[in-house]
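It should be emphasised that the depicted structure is a prediction, and the values quoted were computed from it without experimental measurement. Basis for what follows: all heavy atoms, side chains included, without hydrogens, waters or symmetry-related copies.
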Amino acid sequence: MSATGSGTGLRTALGTFGVRPLDPPKDAGLLHSWVTHPKAAFWMMRDATPEDVEREYLRIAADEHHHALLGLHDGVPAFLMETYDPAHRELTGLYEPEPGDVGMHFLVAPTGTPLHGFTRAVITAVLAHIFDDPAAVRVVVEPDVSNTAVQALNEAVGFVPVREIDKPEKKALLSFCTREQFAAATGVSV
């Protein structure tokens with residue numbers, strides 16, 4: 001993938017990808033349509049109401065160790081991105097965090113007209129955004145072990161699987177990606 005990163009977004013052959021802060025009251029309806037879609041099964045919110053979604057993202061907005069951003073493709077909402085401090089959320093006690101570790105989740109909005117390479121461009125933009133922060137040394141993910149599609153996508157952008165871990169809600173594949181691994185896999189310098 002040919003792409004250039006900057007503090008304002010990632011420009012690719014598929015367009016420009018960027019993020020903005022999530023506004024839970026304003027964005028809850030849109031997010032509800034994404035997180036309850038059948039393709040979002042691994043997001044584990046299929047039965048959520050719009051109020052549940054707003055409440056969850058208000059909770060995240062109030063959490064100093066967890067952040068949510070709305071991803072944009074050419075200025076239009078197209079994906080959801082979450083980062084978290086794995087020393088304090090999600091992975092507490094399940095691995096030994098290192099300084100500069102950043103946990104990450106992302107969700108691409110469902111569409112009736114898929115664009116070849118779009119999801120890979122989204123995860124590339126998500127990682128470029130994370131690594132824009134010089135304090136970010138390594139990104140940590142923990143996809144469901146049965147989600148082989150996202151595991152392949154993770155590996156394509158530089159993640160290295162380490163081991164399976166048991167989380168309360170799932171058996172997960174703990175994987176890491178350093179800035180150098182990301183740059184080598186994608187050609188995006190950050």
Would Tyr84 and His105 count as a ring-ring contact (aromatic ring centres under 6.0 Å, His included) if you check the C-alpha gap in whole Å, the side-chain angles of each, and the deciding distance to 0.1 Å?
-> CA-CA 9 Å; Tyr84 62 90; His105 299 133; 5.2 Å; yes

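The only option from Leu58, Val53, Ile60 that meets the side-chain contact (heavy atoms from CB on, under 4.5 Å) definition with Pro24 turns out to be Leu58.
Note: Phe118 and His73 have perpendicular aromatic rings, judged against thresholds of 30 and 60 degrees for the angle between ring planes.
Side chain of His66 to main chain of Glu82: no donor-acceptor pair is present (N/O by atom type, distance under 3.5 Å, no hydrogens or angles). Arg163 places no side-chain N or O within 3.5 Å of a backbone atom of Leu174 that could act as its donor or acceptor partner. For the pair Gln151 (side chain) and Asp144 (backbone), a donor-acceptor distance under 3.5 Å is present. Remark: the backbone N or O of Glu142 is paired with a side-chain donor or acceptor of Lys170 at under 3.5 angstrom. Looking at Asp74, its side chain does come within 3.5 Å of a backbone N or O of Thr16 through a donor-acceptor pair.
With a 6.0 Å cutoff to the six-membered ring centre and a 45° limit on the axis angle, Arg179 does not count as a cation-pi contact of Phe131.
To the nearest 0.5 Å, atom OH of residue Tyr95 and atom CG of residue Asp101 are 3.5 Å apart. For the atom pair CD (Glu90) and NZ (Lys167), the distance works out to 3.5 Å, reported to the nearest 0.5 Å.
Heavy-atom neighbours of Glu96 CD from other residues, nucleotides or ligands within 6.0 Å: at or below the threshold of 12.
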